[in-house]
Each structure stands twice: as structure tokens, then as C-alpha cells.
Amino acid sequence: MKKHLSQYYQPVDLPTAQVLLDRNPRSAVISLGPKPPLDPYAEVEVVIDVGRIDLSYVKEEGGLIRIGSMAPLQTLVESPIVRALADGILSDAAHLSAHLGLRHLATLDGAIGASEGPPEVRAALLALEALPVMHGAILAEVHIAAQPSARGAMARLARSPRDEAIAVACAVVEASDGVCRRARLVAASPAPQRFESAGRMLEGQALKPERLDAIITAVMKEAKPVGDYRGSEEYRRAMIGVLMRRALAEAWRKTG
Amino acid sequence: MKIYIRLNGEPKQFECERDETLMSLLRRSGCWSVKHGCETGECGACSILLDGKIAPTCVMLAAQADGHTIDTVEGLATGHEAHPIQQAFIDAGAVQCGYCTPAMILSAKALIEKEPRPTESQVRDALGAVLCRCTGYVKPVEAVLRAAAILRGESVSAADGGGLPLESIFGPRSTAHDPESPEPTGGILTQVRATPRAAIGAQSATEVVGKSEPKVDAVKLAKGRPVFADDIDLPGMLHAALLTSPHAHARITRIDASKAKALAGVHAVLTHKDIARVIYASGGQSYPNPPPWDQVCLDSKVRYVGDRVAVAAAETPEIAREALSLIEVDYEILPAVFDADEAMKGEVIIHDEPDAVKIMDAKHNIAQTVHANVGNFEKAYAESARRYERAYTSHQVQQAHIEPHVVITWWDEDDRLVIRTATQVPFHVRRMIAPLIGVPVKRIRVIKPRIGGGFGAKQEMLIEDLCAHLTVATGRPVRFEYSRELEFTSSRSRHPQKIEYRAGVNADGTLNALEMKIVENTGAYGTHGLTVCTVSGLRGLSTYRCQNMHLDAKIVYTNRPVPGAFRGYGAPQAHWALESLMDEIAVDMGIDPVELRLKNAVRSGDELLLARALGEGREGFEQFVGSCGLADCIAQGAAAVGWDRRGTGGSQTPPNESRPNDWRIDPERPHIRRGLGMAACMHGTAIAGLDMGAASIKMNDDGSFNVLVGATDLGTGSDTALAQIAAESLGVPLNDIIIYSSDTDFTPFDTGAYASSTTYISGGAVKKAAEEVRAQIFERAALMLGISAPTPGPSPVTEEHRDRREKWNLRDRQAIAPDGRSVELSAIALHSLHSADQRQIMATASHMSYESPPPFAAQYAEVEVDTETGQVTVKKLVMAVDCGMAINPQMAQGQVEGGLAQALGYTVSEEMAFDDEGRLLARRFGDYHIFTADEMPELQAILVPTYEPSGPFGAKAVAEIPMDGVAPAVGNAVYHAVGARLRDLPLTPEKVWRAMRSGG
Ligand code: FES
Ligand code: FES
């Protein structure tokens, strides 16, 4: 870690935190993601520890799930509210993102703000259409509609079960009477990407094999995978197709 | 700033810098159990309980802990007491090197407090917070389940970790399966089963050897006491930092450290201009080090990304790193080459320095070559009924021990240089470092404290020289610790090899001709390159009987980071190729793979034809197979994995959907195919005629004994095994032995911990020394009893003299005379030290062996292959090992389990991947990824006892063979599952997917 940080603040409310953040362009809120960078404060002179502000909650109010930005990933794993959301894809995503020790330290904010690393949480949030609630430049909380009829599934590929994913696909489907009302499809390889038009191809339809093929073809065409040593771009594109097919089929099966 | 923490139940105030990590604060406050393994929160070694929850401290600022509660293992139990969880770890054999143990214990504590009746999967999730490179997690999981039961107040059976009394297997046995064999006991996923076999040299019953005694160092490790190299603080200590090359191949045309030297707090900056140029080889190997000698401490040329450029010492690590950023370096960038075949074209010359010694062909980057011949390969190959030509490649992987390389050097009060270092080879370090720093051997003392794993990477004088140079330059104590990134970029690794086999097979499946051509990539320097490749050749051409063999190996320089010693030492590469080849032959000839191996495998009495040609960088000695339990290993492993599911011959075709009962098809998951694969393994035990160990044993006033060994316990438990050998020989319980390893000032010489030699060689030395001490004890007892003493023994003790002594006995802390009278050892000790004809009862003995008795093993793997993604999921690994008589079965099992976990990573995921410029892409645990507790397959380690007459109490080696068979067994299982033959490690999803698409 960088030495000679000039200030360390522990504000007790968000407005104060915001003032402190605004005051110095080289300031940052302490917020750890599931894959901490080597020197997180390399460019920072002032750190703002928001640990005294209550931002670790998970609440459900009036059909809205509110998750405090500093909720540890392990809270997302354990929260019954989050677990009940679209068959627990966000809980599973948090669990897959990091080991238990890091899940106690890494936060929802850290997972969202990470530019690299495990993509599962970001993918699940996109699929759940989570909305950020900002307080100035600080993420205060994330809102997710309760969506009790939504069924979700995540499919994932990695070199070993706990290794960072080569590709991830999430599908959240709402259906009634055997007809899809909404489908949200997200894949990450490695950056999360939402496939809105492919999702719309299912709306008002049942998931028949030909429809599924067409959706997967559209997803693979639209996907923007980036190759690295875990898998080439060509392979990742193919895997997005395989995993999306599995996730969507599974989510659809659950709607039945 | 001031912060307040409730630390281990006590409210405490601390002064810290704003940017100090919590790990740093805790360690400097005396919580030495908080270990450094990385800087990114990924290894968990630094974890504590933060408000009751496990959390890594290296990624927290100390100030973040203000107002919180922190628990470390220092607070679990005070004094000599152990907390029940600590005790469970000790009893279950869950402590190997112990570097991860405090964090594991804390994670277990948090889990059990939250969930008193945890499931295995909850335990694995909790232990997933901490990487362990030693245990394979089998025994830690067992320990947590055991601790939870104890804390619930339930009674638990004694944890002996399995194992059988040595005497239970004595006497002739002839049938394949003995229904009277005691049932296996022990681990939740493991078993130790006695197997009938031909008896070789039955011995008398033992009291200590052959028992699963707790490790002698387990208590201090479980309590997190300051026992590792970095667990001390010295007044005035400076901190070192290393500047490494950003280029794969470049000449340093200008280097200016003046600004760095001028920085406040900097005490020394050294570049190639400051250090005498002395050629050496960094591998910790016997004198004279095998060629080539192609390194200097700091050079004007860099040969890989991560190579040494300069080193600085400053008052804090941060200032030292800042100093590095002020060093101005101009590089003339040279073309680089990363592939060994390309390098041999000679378009780039990596070692053009005139003073390198014994490089075979520097113009073509060939460091060394190895050749050997038996019979007439070409003729036999041409005459063979079936001929096979196959090429297999293996990759570069990292040892990834959790404790980084760390060394502290200082001048003592007598102006002698003390080197406290995490090394496997303290005596080699002392000898090798002396000419580099210009200090004679007699003025150097090397101390090896506990080591947090090494796996070969610490069989290297990797950083001791630079740290010593800094102490010489500054006169101050200097601490030099690698960061995790440096461990990946600038440590050692496993040699990648391309192995081409040609095999000629007779119509009945017997091998008639076998040729192995190896091209080994030794990276920028040749350390260990020759000897690793020699072992590859030996292992690749020795497991099976064949009268016509040819070996041709080239060890080639490239601009990759430097490989070195890594557990298995060339054998895993060879086994990957050989055991894949055997599977291919079996498939082609329609023979069951087990049958093919049994038909060809060497057996007791066979000469290993290549052994004489292939020593450690020199000629070796003739070798014969003595004890051999391979057939039993194959049978027991097959039973454990359910090999008969596989059928014979015909079932090697891919699964057929039209056969719905085929167990390889999962109706619920149509994209999954299952398969079984196996491999036979044969390793070595020490380097014949070269490895040497010595031991001193001294009797104390109370009849206890100090055992001083130069052998280097790097977490494997060798101190315990050696202490058991001493205790057995001296008729005392294990806790009457105080063993110490190793310190070049106090312990006798030992070549060090490598080549699976410690139990066999150093154990032989302990046994010899103990026999000398026995003789002295009998003499003294005879004097006290007024009877004639057994005549003083010659040295070494002869068989005749041993016979005479056998009328005397040492048992239950007593010397028992032939007439049945006895004297307590404590009385003997007091008499000899204080009463009459005073003398210190003590002896020193050395041991080496011209034999290298091979341990054998059968490796089995069950896999699932995802036919749409290529993902290979290993479901079960079974290894049945003939390691002779296990001195400590629980520890031997632990070695096997830990080795299997490492070999699994080698097979499916671990890989040092590079970009086009030779830069390593995975430089942290998160990217490199070693297996965690919550993703391990079922592991089963079966010990198949044989009695090795040349080993102490019948022992052979066990530490390395678990690395050998997993890759080919998994590769063969993948073929069995989906019909795709992979010949290039690791078996990543994309490679398997492509192989399936191309029709295998
Ligand atoms: S997790 Fe902190 S040292 Fe590795
Ligand atoms: S015992 Fe776990 S790292 Fe060595």
C-alpha cells in the first residue's frame, strides 16, 4: 500500500462524506471489491472510511429491495431477501466472487466499482435491473424491484469450480400462462453485457427450441468477449452461447 | 493516528500510520500468528477474526479496525494449553508446514460458534478463506468436524490418522486379499489399509515407528508462535527491495543509482557496478554444483522479465521501494526467444558472456544435453509388431508455497554473518554464498527455522546472496522478503518439456523398444535444468521393462523466467508423457490399461538399466528394484475407484447413447460424460551415492535426548519422522526426544530437503547415531550393574556386534540386561554425567546410500467432462502408494493428499501464461489460482506397506510421488469419457473443447 496518506476521515453521515470527497480530488472512499487491487490507494492522498455510516443493510419496503452500498458480499449470500430474489442469483454470484474472508470485507459498492475481477455480481445486478442511488459521487444504495414472479438462473464456466470465470450467463425470466412477459439476459466474458433485444425476442412467447436457437444466435452475434489466457475470444463467444442457452432454459423451466 | 481495538479480549490503544495495513500493525504488536502470504487478500494467511468474522488483514488499513474487536490465535489459549480446535488440528494431522494453520483455526472457530453442527460443505466454505498448499484440505476438514464434535461435548474416537502397527504386516503373506487384515481407520475420506504381499526382511515389533504420532512441532504451529524466518525483529533492521527487469532480454547500457542513494532513509543501493562478478549456479545442490554455472549476483544483462537489476536497503519497505523508482536504467533491448525449439536455431544468444562455465553450446542456447542407450533401440523398433510415435508437452507452473522467500541477515557479536532464511538447503547456502560475498564459510552461520512450505523453490539460493550483500554493505541487519508478485515473476518454477516418444511393442503387448527425446525449457538460467531433465529421462524409461532404450535430451535456454526444483523434479513431466503413451498403446491394442502396465512393469530384482548412466549431473550407480508393491497398489486403487465399472478393452470407446445404462452418461445432464483413467508411477528415494545426512544424539540428565539434524523439515514432518526413529531406537516415548533442525553452527551436515531423501538418508543417519548411543548406554548400565559390558562397538556398528548387543534391550526408558535386571535411563544419564568415569553419552553418525529404492504408486482419476464447454471436473482421485513402511502413516497420508491437490492444479488449471513480450500474466493468487478447500474433489490416499531393507525401519520415500500420476490419469479419464486425446498440459476447458471438436 502507498505510504504517506495525508488524511484519514471517518464521517458519520453521507453529506459529510460527500463534502470530504469533494474537497480533495485525490480522495477515495474505502471500498473493497472481491479482487482487491495490489495498491488500492496508489493515487490517493485522502481516504474516507464510511464504516460508521449505516450502509450495510438489506431491506424490503413496498416492493423495493434496498441494499446499502457497503453491504458485505457475505450479507448478500446470507440475506433471505436477496436469496429469494430470482432464485438467489445475486446470492450465488456473491458467493462465487470471493472466498469467505474477502466476502466479509468486500462490499456491493466494491464489486460494482471493480474494473476487473469476478463478474458474477455485476452480471446478476444487470439481470435484476438494479438501480444505483447516488449521494453525489458516492453510491449510497442499490434498488432492485422485488419481482416475486421472476425466476433466475446462472451458468458459469471456469478452469476449476472456484477459479475466476471464463464466461458467465444470467437469465431472469418472468412468465405467466406459459408465456414470457419479460426476459433479461446478461453474459460476462469477462465484462458483463446485457442483451436487451435478444431478451425481447422471448417476450410474448413460449421458449420453444427454435426460439431458443434464435435467441442464442442473436446473443452470440452481439457478444463482445475479450480473449485472454483463460480462453480465446472465439472460445468465449461460443461459450456465451452455451451458457446462455443453459441459463435461459433453466430459468424458463423454473417458471413452469 | 491513535486507534482503539479490543485485541484478544483486552482493550488496547495503538499508534499507527494512516496507511499502515492491519497486518503490519498486528505483527509489530506481537501477533506473529498473522502471516504474510500475499498483498491482495487472496491467500488468507493474514486472517483474523474481525468482530467474530474471518477477514484478511493485508487489504485493510489498520485504522479501519478502530473500535472493533480482533481475535488472533494468540488469544485462543494461553500458556501450554491448546484450544480444542487447536488440539483437533494437531490430533488429526492437519498441521503440515503450519503457515496457514492459525488462520484456518480462526475460520473454524468462527464457523463452529455460528454453527455448532457444521456440515462438511460449511466447513469447506469456511476453510475456503485460507489457502493451504500442503494438506489437500482433507485433514483440516476432518479436524474442524472433530473439533465441532468435541465442543458439542460428544466423545470422539482417538484420531490416529489411520495406520497400522508395523508388526501387523510382518510375516509371510501370499494371497491377494487377506480377510484378516485390520479394517482401515482414520480420515473421513482416507484410509490406510494393510495389504498382503511377500514379506521382505521381517523386523521386530515397534513402539513409536509406524504410529501416527502428532507432529513434534504441531503445538507451536497451531498456537501461531513466532517460529518462521520472518517472526523476529532486530534493532536497526533495514528492509530490502529488488528492482527487476521489465524486458525479456536487454543489456543495461547505463544505470545510475545516485538519486536512490540520496533518498532519506536509504542505506545502500547495489547494482552490477557495486558487486564483484563471481560465476555460480543458484541451485542448492551438492558440491560441485552441476553445470552450467551461468549466473552472477547482479549482471549488466537481463535475460527475462523479472530478472535482477538492482537491490536497495532502507529503513522501511516503502522507502526501499521508493528508492527503486529513482534508479535510472537505460536498456538496449535485444530480441528475445521464448520457445526452446526456436532458441536452438541460435538467432538469439542468451548467454554470450565469456565467463560462464560449462555451457554446452551457447551459440544455440543449449545449456546441457543428456544421452543414454541400452541395447539397440533402432533395430528393435524396426522389428516391433506395433510402433508408436507420440509427442507430449507440459507447461510451466509455480510452487506457490504460502510463505514467501524471506531472509534476514546480520553480523553477530563475533562479526560472523548470520543468515536466518526459509531454505531447504542451509548447508548448500553456506557453501555457495561464501565466494559470492567474499566471507569465508567459517564466518557464516545459516539458521533454518520452521519453513512455510517450499516444494523445491527453496532448494535454491534465491535471495540470500543479495540480502547478505546488503548487510555487508551497510553493517546493519537486513530483511528481504519476496512479495507474492515477485514469487510469480522472479522465483523458480517447473521446467516445461516437450517429450517425443517412440515405442515398439510386441504383439503380446510387451515393450520391445522405447525412445525418449526431451527438449526442456530451462528459461534464462540453467539452475537444476540438467538434473531435472536427467530425472525425467530416468523416470520416463524405468517404470517398464524394456531391453532397448534410447534417451536424447536437450536443456535449452530461453528468455522465460527460470524453472528450478519443484516437487517431483522432472518425474511429473515424464509420467505425463509415458502414462499417456501407455494408455494410447492400450487403446490401440485393445488391452486393458491395467493389464498392459502389469505386463510390462518392473518388479523386485529387476535392474533399472538407465540408472548407472543418469546420476545427478554425473554418472550414477547401478540400481535394482528391491521392495515393490506396484501390483498391490494397482489392485487396491482399482477397488477404491471402482475400476471394474470401466470394463476391459471395448469400453475404451466413448460412451454410447444407445446404451442407456452406461454409467458414463448422466440422463439429468446430457452434456456430461464420465470417465476413469489411471497411471502407474515409480519415483526415486534420494540420489544414490550423493545425498548424505548426519545426526548427533546427546543424552540429558533425565534420560531424554537431544537429536540434532542438518535435515531440513520444510513442513513435511521430517523432524517428527526422524524423532520417531530416534525414539524407537532408544526405547523412549517420542516426547523424550528433543529434535532440532537445522543450524550450520550446531547441527551436522545434511544435503537438505530434496529428492525425497530425508526419511531414508537422514533417517538412516539418526538410526546409526542412535545405535552408537545405545552401545554407550549398555556399557554404562553394565558398569552400574557390575556385569560385563557388551564390548565397545566399532563404528559403524557391525552386524556381529549388533547381535551381541541384541541380548541387551532398551525399552520403556530402561536398559535391560541379558539377566533381566534393568536400569532407568535417567539413572544412567546421572551416573555417566556426575558419578563415575564421567562422560557425555552422545554420538554422531553419517549416512549415505548407493541405493535409491523406488516407491511405487497407482493413480486413479474419475472425471466428468462437459461436452459443450470442455470443462473437466475431477470428481475423485485415488492414489495407492508403496512407500515402504510409513514411519508415521498419518503424515505419509498427508503428504499424498497434499501432493494430489498440487498435481490436480498442475493438470487442469495452474499455468504460468505469458504475453508476447514474455511478461507473466498471472502474478497473483487470484489469477494463478491454486485449489481451495471448497472445490476439491474427493481424495483417497491408500498406503500399501512393503518393507524396504535398505531404509530405516523399512521406509522409502513418499513426498514426491503424489505429483506424478494425476495428470496422465486425468488425461486418460478424459479420453475414456469423450474420446478426445489431450497431449498438452494443462487440460483447460478450451483445449478439451477444441480436441473434441477436432475429433480427438
Ligand atoms: S490474504 Fe493477506 S497475506 Fe494473503
Ligand atoms: S500446512 Fe497449509 S500451507 Fe502448509
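In what follows, chains are A, B, ... by sequence order, proteins preceding strands, each numbered from 1. Hydrogens, waters and symmetry mates are skipped; everything else that's a heavy atom, side chains included, is used.
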If you tally heavy-atom pairs under 4.5 Å against chain A, which of B:D866, B:L131, B:V872 wins?
-> B:D866
Output the option from B:A126, B:A913, B:A63 having the highest count of non-hydrogen pairs under 4.5 Å with chain A.
-> B:A63
Against chain A, label B:E910 side chain, backbone, both or neither, depending on which of its atoms sit under 4.5 Å from a heavy atom there.
-> neither
Starting at CG of A:D163, measure out to OG1 of B:T988 and round the result to the nearest 0.5 Å.
-> 11.0 Å
Could you check which of A:A167, A:S160, A:G231 has the highest count of heavy-atom pairs closer than 4.5 Å to chain B?
-> A:S160
Non-hydrogen side-chain atoms of A:L32 and B:V59 separated by less than 4.5 Å = yes
Of B:L904, B:T316, B:D934, the largest count of non-hydrogen pairs under 4.5 angstrom with chain A goes to B:D934
For the residue pair B:L111 and A:L100, establish whether any side-chain heavy-atom pair is separated by less than 4.5 Å.
-> no
Flag the pair A:D39 and B:R321 as a salt bridge only when some basic side-chain nitrogen lies within less than 4.0 angstrom of an acidic carboxylate oxygen.
-> no
Residues A:R246, B:E868: salt bridge by 4.0 Å N-O rule | yes
Would you call A:Y235 and B:K991 a side-chain contact if the rule is heavy atoms closer than 4.5 Å?
-> no
Interface residue of largest heavy-atom contact number with chain A, from B:D927, B:T40, B:T873, B:V874, under 4.5 Å = B:D927
Please check if the side chain of B:Q871 supplies one atom and the backbone of A:A158 the other of a donor-acceptor pair under 3.5 Å.
-> yes
Output, in order, the C-alpha distance, side-chain angles, deciding distance and verdict of side-chain contact (heavy atoms from CB on, under 4.5 Å) for A:Y229 and B:D915.
-> CA-CA 9 Å; A:Y229 65 94; B:D915 69 9; over 6 Å; no
Checking heavy atoms, do the side chain of A:R52, its backbone, both or neither come under 4.5 Å from chain B?
-> side chain
So CG of B:D125 and CZ of A:R103: to nearest 0.5 Å the spacing works out to 4.5 Å
Per-residue tally against chain A (heavy atom, under 4.5 Å) across B:E911, B:E42, B:E322 peaks at B:E42
B:Y928 portion near chain A, given a 4.5 angstrom heavy-atom threshold = backbone
Salt bridge (Lys or Arg N to Asp or Glu O under 4.0 Å) evaluation trace for A:R159 with B:E990 | CA-CA 9 Å; A:R159 295 176 300 182; B:E990 181 167 357; over 6 Å; no
Main-chain N/O of B:I54 paired to A:H104 side chain as donor or acceptor, under 3.5 Å = yes
How many angstroms lie between atom NE2 of B:H671 and atom CZ of A:R245, to the nearest 0.5 angstrom?
-> 12.5 Å
Output the option from B:P56, B:G128, B:A55 having the highest count of non-hydrogen pairs under 4.5 Å with chain A.
-> B:P56
Relative to chain B, which of A:R236, A:E164, A:Q7 shows the most heavy atom pairs under 4.5 Å?
-> A:Q7
Name the option with the most non-hydrogen atom pairs under 4.5 Å to chain B; the candidates are A:G51, A:A238, A:G101.
-> A:G101
Interchain contact, B:L50 with chain A, by part (heavy-atom threshold 4.5 Å) | side chain
Considering all heavy atoms, the nearest A:R230-B:G926 contact | NH2-O, 3.8 Å
Audit row: B:R924, A:L38, side-chain contact (heavy atoms from CB on, under 4.5 Å) steps and yes/no | CA-CA 9 Å; B:R924 54 187 284 171; A:L38 190 55; 5.6 Å; no
Where does A:L105 contact chain B at under 4.5 Å (heavy atoms): side chain, backbone, both or neither?
-> side chain
B:M936 CE to A:R162 CZ distance, which is reported to the nearest 0.5 Å | 14.5 Å
Given a strict heavy-atom distance threshold of 4.5 Å, which part of B:F931 is in contact with chain A: side chain, backbone, both, or neither?
-> side chain
Report the distance from atom CG of A:L243 to atom OG1 of B:T869, rounding to the nearest 0.5 Å.
-> 7.0 Å
Verdict with supporting geometry, A:H99 and B:T932, side chain to side chain donor-acceptor pair (under 3.5 Å) = CA-CA 9 Å; A:H99 65 69; B:T932 55; over 6 Å; no
Of the backbone (N, CA, C, O) and the side chain (C-beta and beyond), which part of A:P34 lies under 4.5 Å from a heavy atom of chain B, both, or neither?
-> neither
For the pair B:D19 (side chain) and A:L5 (backbone), establish whether a donor and an acceptor sit closer than 3.5 Å, ignoring hydrogens and angles.
-> yes
CD1 on A:I30 to CD on B:Q64, rounded to 0.5 Å = 4.0 Å
Applying a strict 4.5 Å limit to non-hydrogen atoms, the region of A:L157 in contact with chain B is both
Lys/Arg N to Asp/Glu carboxylate O, A:E234 vs B:R994, below 4.0 Å = yes
Pick out which of B:D66, B:I3, B:L61 makes a side-chain contact (heavy atoms from CB on, under 4.5 Å) with A:Y8.
-> B:L61
Going by an N to O cut-off under 4.0 Å, is there a salt bridge joining A:D49 and B:R18?
-> no
Non-hydrogen atoms of A:I166 and B:P989 that approach each other most closely | CD1-CG, 4.0 Å
Contact part of A:S232 toward chain B, heavy-atom cut-off under 4.5 Å: side chain, backbone, both or neither?
-> both
